[in-house]
Amino acid sequence: MPKLTIDGIAVEVPANTTILQAAESVGVEIPRFCYHDRLSIAGNCRMCLVDVEKSPKPVASCAMPVGEGMVVHTKSERANKARGGVMEFLLINHPLDCPICDQGGECDLQDQAMAYGADRGRYNENKRAVRDKYMGPIVSTTMTRCIHCTRCVRFVTEVAGVPELGATGRGEDMEITSYLEKALTSELSGNVVDLCPVGALTSKPYAYAARPWELRKTESIDVFDAVGTNIRLDARDRQVMRVLPRIHEDINEEWLADKSRHAIDGLQYQRLDQPFVRKNGKLQPATWNEAFTAIASKVKGLAGSKIAALAGDLVDCESMLALKDLMAALGSTSIDCRQDGAALDPSVRASYIFNTTIAGIEQADALLILGSNPRTEAPILNARIRKRFAHGLPVAVIGTETDFSYKVEHLGNHADLISKIADGGHPFATVLKNAKKPMIIVGMGALARSDGAAILAAARQAAETCGMIKDGWNGFNVLHTAAARVGGLDLGFVPGMSGKNTRGIMEGAGKGDIEVVYLLGVDEIDTARLGNAFVIYQGHHGDRSAHRADVILPGAAYTEKDGTYVNTEGRVQEALRAVFPPGEAREDWSIIRALSEVLGKTLPYDTFKALRARLATIDPNFASVDQVKPATWGNFGTAGAIASSAFDYPVKNYYMTDPISRASRTMAQCSEEFVLGGKLKSGTHG
């Protein structure tokens, strides 16, 4: 390992480490624009110049590997003069847009100009002007500000896997462009705004909305998929203005999916801000007491077997636990958190989590994807697969042919192919067996079918046959599409003794066997199948189920309450409230607690803290926040016949999968651009 000296500090680093990386390892900061530690090295901006003894000229530290005995000065007069010259060149053509630029207050160029810029300019020539480019409904461009760092180009090519940005021209005529003036067809395109060190790329929905110093910052968890991306909610007054990613190396690194970032405007529309009760066939505004009384008059005296409850995809664990306890007090065992009817086995935790972990994907050396499209179901997780693919990961898919943003071997779209792999008779089974750390990803497209239990059993057999289960490695993974799913399974929001699951509840309500159905944030079911049942809907948007409800209880969205969520890998995470719910809406757990009192079944907790403490008594995993504990392998699934019919991916329109995104104007524009307009072309990227 080479030894060198940086600003008088002796440091020893691995071979091929750059000077900039070595400097960061000892806390020495070197300015940069083009360098990013998750992207390839470009060496474009030259802002990272340092003074290396015996070198005839300043050296670009981002691209220069360290050498034995090297002596580096990062703060010498020579280094600072070189950076000042680079800054002067960068500002020759940069417009004086700071007062109107959305990057103001968060701009790397502003910060570095304060440190290395001159107090006046020496150039009197006209500044260069560049025509703005169209990049879709999410990214706004002011290309005159661009300093050609190419971070955006490298991100869409290397991380997103959609090589639709590049540079044309040379010298002063060089421009960053999307070539054909088309929108970026990546579900991660919003990240180029975070990467841009100047104001050339900014958020189109957030344009001219707020300044960073006006905003309250709250750390929280994303709920639009099951990845559990760490986010920061920036709010002003009672409105969340924007969502930004937080760094979490084991989950999302520093990326954020477009829906998670920009569906936030959906919280301003179609909100439920007061209770409603159906009278004479029409929903009428009501008080909380009137709503509770209407429920009590229907529920009291009713046998528990005639009452059922379902939990939706965005619900926090505390609310599900409160509803579970209320249903138990009413004598009902017909509860379910799997509104899509997925055949998940709640008795074996290893059967329904992403055992490899998201970060563990980088250790895998063979991958089989079964009935899942990670690109639309979990874009952040898909980026991690692509990252590993770039280092030689072979990927095979049983499912519909589509663009995963990396090359895959399409084995076919017949569900019974998994049986051939489980038996070891398929050629790709040999690839899995020869791998040291093979893995399988089973999606909801496979498990939400009528033969889902048989597919789950076959996938388990394939994992065992192909050597995916061994000491220190569990390659069996289930990719969920709902943020609430794993938490609901962990706390036991599933049918009890003689209870009905989602399909049974729907059929029972249609036949009249179930007379009351409590829908907690459930909007992805066919409410027409509920027949004449009395429907209680608790949620935050006037979406599908609200139109069918007999009583509506206005709840809080994920930004408006504290809550616990468990991501697809079984990691418990806690979200924090950024703003308060609108109008008379209340936090979901408190609504259920108040209702229990009216029903004469008062729940034994009065505070959120007491309710959260009860979570840990049900499952010790809830006490281990931000940790993933290996699950015990077991026998799960039900062996049976598997139909040869094709898999159907659950996410048809990535931009509209839940009440919030369906109410979002930004997501409506994205849907029109990429889905309804048919502009999202399938293809193959390397």
Side-chain angles (χ1 to χ4, degrees), residues 221 223 226 228 307-330 332-342 344 346-347 349 352-353 480-496 499-502 505 516-525 536-540 545 553-558 560-568 570-575 577 586-596 601 603-605 607-623 625 658-659:
I221 304 299
V223 301
I307 304 172
L310 295 173
D313 294 347
L314 310 181
V315 184
D316 58 287
C317 293
E318 288 83 0
S319 301
M320 283 189 283
L321 178 56
L323 182 56
K324 177 190 175 186
D325 288 346
L326 178 59
M327 289 296 110
L330 294 172
S332 173
T333 56
S334 295
I335 60 175
D336 207 341
C337 63
R338 301 160 294 185
Q339 65 170 327
D340 58 0
L344 298 162
S347 64
R349 195 168 195 256
Y352 62 80
I353 65 172
H480 292 275
T481 56
R485 193 61 47 78
V486 175
L489 294 169
D490 280 350
L491 62 86
F493 201 95
V494 291
K500 300 179 184 297
N501 59 15
T502 299
I505 291 171
V516 175
V517 180
Y518 200 121
L519 302 179
L520 178 59
V522 175
D523 286 286
E524 313 307 322
I525 62 172
I536 305 162
Y537 176 74
Q538 181 176 327
H540 41 76
S545 296
L553 305 177
Y558 75 106
E560 301 158 358
K561 60 184 176 183
D562 295 335
T564 299
Y565 295 90
V566 187
N567 75 347
T568 193
R571 186 188 300 269
V572 176
Q573 301 188 101
E574 296 179 353
R577 180 180 61 202
R586 297 291 182 266
E587 293 185 20
D588 292 299
W589 79 269
S590 64
I591 295 173
I592 298 168
R593 169 61 178 77
L595 175 60
S596 71
K601 305 290 184 181
L603 297 177
Y605 30 78
T607 64
F608 181 78
K609 184 178 180 180
L611 175 56
R612 178 168 278 178
R614 174 159 161 68
L615 274 175
T617 64
I618 292 178
D619 189 332
N621 286 308
F622 285 107
V625 178
D658 55 87

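- In this structure, Leu344 and Arg338 have side chains that are in contact, with non-hydrogen atoms separated by less than 4.5 Å.
- The side chain to side chain donor-acceptor pair (under 3.5 Å) test applied to Thr502 returns Asp336, not counting sequence neighbours.
- At a threshold of 4.5 Å between non-hydrogen side-chain atoms, the residues Tyr518 and Leu553 count as touching.
- A side-chain donor-acceptor contact under 3.5 Å links Gln339 and Asp313.
- Contact between Ile335 and Gly492 at its shortest, heavy atoms only, is CD1-O, 4.1 Å.
- Here the CG atom belonging to Leu323 is positioned 11.5 Å from the CD1 atom belonging to Ile591, to the nearest 0.5 angstrom.
- In this structure, NZ on Lys500 lies 10.5 Å from OG on Ser332, to the nearest 0.5 angstrom.
- Leu520 is not listed as a side-chain neighbour of Leu310, based on a closest heavy-atom distance of 4.5 Å or more.
- Asn567 places no side-chain N or O within 3.5 Å of a backbone atom of Ala226 that could act as its donor or acceptor partner.
- With His540 contributing its side chain and Tyr558 its backbone, the two residues share no donor-acceptor pair below 3.5 Å.
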Run the numbers on Asp490 and Tyr352 for side-chain contact (heavy atoms from CB on, under 4.5 Å), then give the verdict. CA-CA 10 Å; Asp490 280 350; Tyr352 62 80; 2.5 Å; yes

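- Side-chain contact between Asn501 and Val494 is absent, with no heavy-atom pair separated by less than 4.5 Å.
- With rounding to the nearest 0.5 Å, the separation of CG in Asp588 from CZ in Arg593 is 15.5 Å.
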Step by step, would you call Ile536 with Val517 a side-chain contact (heavy atoms from CB on, under 4.5 Å)? CA-CA 6 Å; Ile536 305 162; Val517 180; over 6 Å; no

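- Side-chain contact between Leu615 and Leu491 is present, with heavy atoms from C-beta onward closer than 4.5 Å.
- Considering every non-hydrogen atom in both Cys337 and Arg485, the closest pair reads O-NE, 3.0 Å.
- A salt bridge does not link Lys561 to Glu318: none of the charged nitrogens lies less than 4.0 Å from a carboxylate oxygen.
- Nearest heavy atom pair, residue Tyr605 against residue Ala322, reads OH-CA, 3.3 Å.
- Put simply, the side chain of Tyr565 reaches to within 4.5 Å of the side chain of Val223, judged on heavy atoms.
- The OG1 atom of Thr617 sits 10.0 Å away from atom CZ of Phe622, with the distance rounded to the nearest 0.5 Å.
- The nearest pair of heavy atoms linking Gly563 to Asp316 is CA-CB, 4.0 Å.
- Atom CD1 of Ile618 and atom CG of Leu321 lie 4.0 Å apart (nearest 0.5 Å).
- Ion pairing between a basic and an acidic side chain is recognised when a charged N comes within 4.0 Å of a carboxylate O; Lys601 and Asp325 show no such pairing.
- Of the possible polar contacts, one joining the Gln573 side chain to the Gly228 backbone as a donor-acceptor pair under 3.5 Å is found.
- Heavy atoms only, all atoms of each residue included: Ala311 and Val522 are closest at C-CG2, 3.5 Å.
- Between the Arg349 side chain and the Gly570 main chain, a donor and an acceptor come within less than 3.5 Å of each other.
- Ser334 places none of its side-chain heavy atoms less than 4.5 Å from the side chain of Ile307.
- Smallest separation of non-hydrogen atoms from Gly312 and Ala484: O-CB, 3.3 Å.
- Classification of the Phe608-Trp589 ring pair by plane angle, with boundaries at 30° and 60°, yields tilted.
- With rounding to the nearest 0.5 Å, the separation of CG in Leu603 from NZ in Lys324 is 12.5 Å.
- Although no hydrogens or angles enter the test, the distance criterion places a donor-acceptor pair under 3.5 Å between the side chain of Thr568 and the main chain of His480.
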